[in-house]
Amino acid sequence: MSQTNPTIVRTRFAPSPSGPLHVGGARTALFCWAYAKAHGGSFILRIEDTDQKRSSDAACQALMHDLRWLGIDWDEGPEFDGIGGGDFGPYFCSKRLDIYHKYIDQLLDEGKAYRAFETPQDLDAARNDAKRQKHNYRYDRSALKLDQATIQAYLDEGRPYVVRFKLPNDEPILVRDEVRGEVTVDPKEMDDFVILKADGYPTYHFAVVVDDELMDITHVIRGQEHLNNTAKHVLLQDALGFRRPVFAHLSLIFNPDGSKMSKRDKDKALRSAVREENIQSSPTPTISDETWQWWSQSKDHQLDLDDTVALADALNLVLPEIDVDDFRRAGYLPQVLVNYLALLGWSPGNDVEKFDRAFLIEHFDLDRIIKSHAKFDRDKLLAFNLDAIQAMSPKQFRDLWYAHCREYHPKFVEELSPEQFDMLAAANQSRSKTLDDTVKSSQFFIMADDAIEYEQTKAVRKALCNGDPSGYDHLAAIKPLLADLTDWTKDAIEPVVDKYSKEHANGKLGKVAQPLRIAVSGSTVSPAIFETLAILGREAVVNRITRCLANRQQFLDTSNA
RNA sequence: GACCCCAUCGUCUAGCCAGGUCUAGGACAUCAGGUUUUCAUCCUGAAGACAGGGGUUCAAAUCCCCUUGGGGUCACCA
């Protein structure tokens, strides 16, 4: 409609480097990327760091790392890990200040914008007044009434000012959106918004319009929170004589409980856990008392990531996963996250659900974007992840799991021999919903024999104590058979235990396997028993059985108590 | 509050734009049964939705209006 028949599609993802990349942002980036790639165009990454206070280089690096992990590579943008660069840079807003000022001056000269000298405090007060009187606040244009001499005097004395865009007229603004159709906004709903802040940085509205024009962006795909802002952008584009890109606004992603997925969710989870358990001071050794005090004072005080994780660990709390990094740590596969994210707000139709990036490049288009909000369903993601893990070759899984362990659980790499590690990977693959899933239940593989603690649960007691012969009796009987075994492999162990259970447990393998499992792991959960024994090695297995038997009386005493 | 957006199983969605083939399809979750040495898997089956009300039409999940519900925006944040 209003677009200028673009020949080459150019999309951009323009995040603010003020924190970790969350799944909502990742989905926006994915859609921008997919659309560009599906139409033979370019995907541009631009860092919207116009908020000096909140932007950080660390956040920027993390963001690019996350994008690359997901396989969302940019054709142009900051240089990172071998990609980036391009002819339309710089790709950081903070390095384009002179460009913005040129256009600000242009608007100022043409009388389409004006300087305003109110302080933030002035405006806050005015806003509060309006609120008290229950009407909507609009900037009253009082700066427009200032005469030239006064303005010059203010300027001379170095008084800080902002530049406001002067709304041109009262005509309704028509925005054509590819997913929502035509949206009209009444200018009466807006006021003369700020386009240049007192610190000399442009606001988002101004920077985005200038950058999109100069970078030849043809399609603006972004979150729905910008739908109303688009009217401002359109006005600015008209005032500056810029082209109008195609707009597509994506619906938001929500938590299963209907609340908006937000960076604050982790903090919220922590606070409610603390409240529920009525914890009054920092559980040592997690965070310092000073930090605890500060954090407790206000909901606006949020712990940094390390402290959040430390506290959550101490409370045995699983933090909600909302950032891309959370999903990586939790052991989700990037291609699965991409698949799931794409499905959350887009559908290829025909009941197709499982697909990869290549499929997206082949089929992605704006017309199948879903208009309604979506809730993030972790169960479904988990199911997809399990499917993907099960579909991998044993070698692929082993390598991936190795890399994951090396990064997040190095003990598995350090304590186990390569042969043991490979066997454990093979034993865990089909039962791993995520790369992290079996780490917890596999701890006993890397523990010292005498560090195993026997779970005081009904299932453990039953397996060990019930029946005649009891699990303990079986353990005592089978121990010498295992101790005498020379060839310690799964294939050698299996017939021995099988034979024993046929002769002494009515062929019920479970009667023998469960006590064995408990003896070596301390619990009723482990990979298949023969694999488990093979991985542990004869010495450890015999040691652990011996220890379990020696502990018999004590276990009975404590479990009766 | 004002303005804007949205509305199919519990959840993600197909179907809607081009009304009939929809006693509404799939996936995840749930439930039941089965396989299995534990957990997790795996197999089979079941239950489960067009928010409500008005229109238009021979015919409405599909088009229109209202109501209700949900969400977003109203910053010198993006």
Side-chain angles (χ1 to χ4, degrees), chain A residues 14-18 48-51 53-55 93 116 118-120 123-124 127 131 134-138 160-164 175 177 179-181 183-186 188-191 193-199 201-205 207-208 222-231 249 251-252 254 256 258 260 340 343-354 367 370-384 386 390 428 430-433 437-438 441 459 463 494 497-498 501 508-514 516-518 521 523-530 532:
Chain A
S16 151
S18 54
E48 210 81 21
D49 54 352
T50 50
D51 187 341
K53 286 189 277 296
R54 291 203 250 178
S55 299
C93 294
E118 291 83 359
T119 65
L123 298 172
D124 272 350
R127 256 188 289 269
K131 205 172 176 184
K134 290 192 192 263
H135 57 73
N136 292 326
Y137 172 78
R138 299 277 130 75
Y161 64 88
V162 300
V163 174
R164 285 179 183 272
V175 175
D177 185 282
V179 347
R180 269 148 235 288
V183 178
T184 47
V185 179
D186 190 335
K188 288 187 196 74
E189 300 303 324
M190 299 192 268
D191 62 0
F193 55 95
V194 173
I195 54 178
L196 186 76
K197 302 186 247 181
D199 64 3
Y201 277 65
T203 58
Y204 166 76
H205 304 304
V208 82
R222 72 223 314 184
Q224 200 218 44
E225 68 268 26
H226 289 301
L227 186 56
N228 283 296
N229 291 334
T230 307
H249 288 92
S251 296
L252 274 18
F254 291 90
K260 189 186 172 188
Y340 182 72
L343 220 43
L344 212 57
W346 181 77
S347 160
N350 296 113
D351 295 335
V352 175
E353 288 203 308
K354 299 281 182 67
D367 58 3
I370 288 120
K371 299 159 101 165
S372 50
H373 300 314
K375 286 177 186 164
F376 196 96
D377 181 3
R378 257 161 266 246
D379 285 329
K380 186 154 179 168
L381 210 213
L382 224 35
F384 273 35
L386 174 69
Q390 290 182 336
N428 273 338
S430 68
R431 52 200 290 276
S432 295
K433 290 192 173 179
D437 196 26
T438 47
S441 63
E494 185 162 354
V497 180
D498 263 341
S501 67
K508 288 189 174 155
L509 184 56
K511 289 281 178 208
V512 187
Q514 277 306 76
L516 276 172
R517 198 185 309 278
I518 293 160
S521 77
S523 83
T524 56
V525 175
S526 89
I529 191 66
F530 302 120
T532 299

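Note on naming: letters A, B, ... go to the chains in the order of the sequence lines (proteins, then strands), and numbering restarts at 1 for each one.
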When you compare the protein's N or O atoms with those of nucleotides 32-38 of chain B, which come within less than 3.5 Å of each other, and at what distance?
| from | atom 1 | to | atom 2 | distance (Å) |
| --- | --- | --- | --- | --- |
| U37(B) | O2 | R517(A) | NH2 | 2.6 |
| U38(B) | O4' | Q514(A) | OE1 | 3.0 |
| U38(B) | O4' | Q514(A) | NE2 | 3.4 |
| U38(B) | O2' | T524(A) | O | 2.8 |
| U38(B) | N1 | R517(A) | NH2 | 3.3 |
| U38(B) | O2 | T524(A) | O | 3.1 |
| U38(B) | O2 | S526(A) | N | 3.0 |
| U38(B) | O2 | S526(A) | O | 3.1 |
| U38(B) | N3 | R517(A) | NH1 | 3.1 |
| U38(B) | N3 | S526(A) | O | 2.5 |
| U38(B) | O4 | A528(A) | N | 3.0 |

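- Rounded to whole Å, atom P of C28(B) lies 13 Å from atom CG of L381(A).
- Base-pair partner of U38(B): not found among the strands shown (Watson-Crick or G-U wobble, both distances under 3.5 Å).
- The local environment of CG in N350(A) is sparse, with at most 12 non-hydrogen atoms from other residues, nucleotides or ligands closer than 6.0 Å.
- Checked by atom type and distance alone, the side chain of R517(A) never pairs as donor or acceptor with a backbone atom of G510(A) at under 3.5 Å.
- Distance noted for atom C1' between C6(B) and C16(B): 15 Å (whole Å).
- For N228(A), there are no side-chain hydrogen bond (donor to acceptor under 3.5 Å, both in side chains) partners, not counting sequence neighbours.
- C74(B): Watson-Crick or G-U partner is G1(B), with both key distances under 3.5 Å.
- The side chain to side chain donor-acceptor pair (under 3.5 Å) test with H249(A) is passed by exactly one of Q224(A), R180(A), R222(A), H226(A): R222(A).
- Of the residues near RNA chain B, S432(A) and D186(A), the one whose nearest nucleotide (by heavy atom distance) lies more toward the 5' end is D186(A).
- For the P atom pair drawn from U30(B) and A40(B), the interatomic distance equals 11 Å after rounding to whole Å.
- Between the CG atom of L343(A) and the P atom of C12(B) there is a distance of 11 Å, rounded to whole Å.
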> Can you give one letter per nucleotide of nucleotides 67-78 of chain B, 5' to 3': B if a protein heavy atom sits under 4.0 Å from the base, S if only from the sugar-phosphate, - if neither?
Replying inline: ---BSBS-BBBB

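- At least one side-chain heavy atom of V525(A) sits under 4.5 Å from a side-chain heavy atom of R431(A).
- Atom CG in L382(A) sits about 18 Å away from atom P in A27(B), given to the nearest Å.
- Within 4.0 Å of G345(A), counting heavy atoms only, lie sugar-phosphate atoms of the nucleic acid but no base atom.
- Distance CE (M190(A)) to C1' (C4(B)): 12 Å, rounded to an integer number of Å.
- Taking atom C1' in both C76(B) and C28(B), one finds a spacing of 46 Å when rounded to whole Å.
- Nucleic acid contact class of K134(A) (heavy atoms, under 4.0 Å, all strands): none.
- For the C1' atoms, the distance from G69(B) to G33(B) is 39 Å, rounded to whole Å.
- The distance between atom CG of N350(A) and atom P of C16(B), rounded to the nearest whole Å, is 11 Å.
- Rounded to whole Å, the C1' atom of C9(B) lies 12 Å from the corresponding atom of G25(B).
- For the C1' atom pair drawn from U62(B) and G55(B), the interatomic distance equals 15 Å after rounding to whole Å.
- Heavy atoms from other residues, nucleotides or ligands lying under 6.0 Å from NZ of K197(A) number more than 12.
- Ion pairing between D51(A) and R54(A) holds under the 4.0 Å rule for side-chain N and carboxylate O.
- Across all strands, K433(A) comes closer than 4.0 Å only to sugar-phosphate atoms, never to a base (heavy-atom distances).
- Following rounding to the nearest Å, E353(A) (CD) and C28(B) (C1') show an atom-to-atom distance of 8 Å.
- Nearest to the side-chain atoms of A383(A) among the listed nucleotides C4(B), A29(B), U13(B) stands A29(B).
- One interatomic measurement links the two molecules: CZ of F384(A) to P of U13(B), which rounds to 12 Å at whole-angstrom precision.
- Going from the C1' atom of A18(B) to that of A60(B) covers 15 Å, rounded to whole Å.
- Expressed to the nearest 0.5 Å, how far CG of D437(A) lies from CG of L382(A) amounts to 7.0 Å.
- When the C1' atom is compared between A27(B) and G15(B), the two are found 16 Å apart, to the nearest whole Å.
- The side-chain tip of K354(A) points at the ring of F384(A) from less than 6.0 angstrom away and within 45° of straight on.
- The nucleotide U23(B) finds no pairing partner, because no Watson-Crick or G-U wobble arrangement with both distances shorter than 3.5 Å includes it.
- As rounded to whole Å, 14 Å separates atom C1' of C39(B) from atom CD of Q390(A).
- Side-chain atoms of S251(A) and I370(A), non-hydrogen and from C-beta on, never get closer than 4.5 Å to each other.
- A donor-acceptor pair under 3.5 Å is absent between the side-chain atoms of Y137(A) and the main chain of D124(A), judged by distance alone.
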